[in-house]
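Quick notes on the structure that follows.
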Amino acid sequence: MFSTFTWAEELDLTKGSDKLTGKLTVQDNGVCLDEIQEYQALVKTTSANQSDKDSAHGKKESAIGKRISGHEEDCETLMQEAIDLID
């Protein structure tokens, strides 16, 4: 099985921003993967309260369901809402 990658500018996703860093990386192409990765990194270090963490987890689970069913834009929207809750 072979994968095709597109090279693009790396995005700084540490605070939900999309600042260019000038480094080359694999481009997400709008498939929600970057938001999922940002959430996974952020959830480990967040100081958000448990209620916000629980709400964010619920949004993440819904987003994954959207991604599985092919609704990438909905996935990205829900993941950004989850990130905003714990950021």
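FYI, side chains are in, hydrogens and waters are out, and symmetry mates aren't considered; it's all heavy atoms of this structure.
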Kindly say whether V43 contributes a backbone atom to a donor-acceptor pair with the side chain of T46 at under 3.5 angstrom?
no
Apply side-chain contact (heavy atoms from CB on, under 4.5 Å) to K60 and Q40, showing your working.
CA-CA 10 Å; K60 180 199 72 155; Q40 292 295 83; 4.2 Å; yes
OG/S62 to CZ/R67 distance, rounded to the nearest 0.5 angstrom?
15.5 Å
So, taking the atom named CD in Q50 and the one named OG in S55, what distance separates them when rounded to the nearest 0.5 Å?
10.0 Å
Should L78 and E35 be marked as a side-chain contact (heavy atoms from CB on, under 4.5 Å) after you check the CA-CA gap, both sets of side-chain angles, and the distance that decides it?
CA-CA 9 Å; L78 286 166; E35 287 85 1; over 6 Å; no
Show the nearest heavy-atom pair for residues M79 and Y39, with the distance to one decimal.
CE-CB, 3.3 Å
L42 and D87, any side-chain heavy atoms less than 4.5 Å apart
yes
Spacing of E38 atom CD and L33 atom CG [to the nearest 0.5 Å]
11.5 Å
Any side-chain heavy-atom pair from I36 and I64 closer than 4.5 angstrom?
yes
Rounded distance [0.5 Å steps], NE2 in H71 versus OG1 in T77:
12.0 Å
Where do A63 and C75 come nearest, in terms of heavy atoms and distance?
O-SG, 3.4 Å
Any idea which heavy atoms bring A56 and I86 closest together, and the distance?
CB-CG2, 3.6 Å
Within a strict 4.5 Å, meaning less than it, do heavy atoms of the N49 and K53 side chains meet?
no
So how far is it from E73 CD to C32 SG, rounded to the nearest 0.5 Å?
11.0 Å
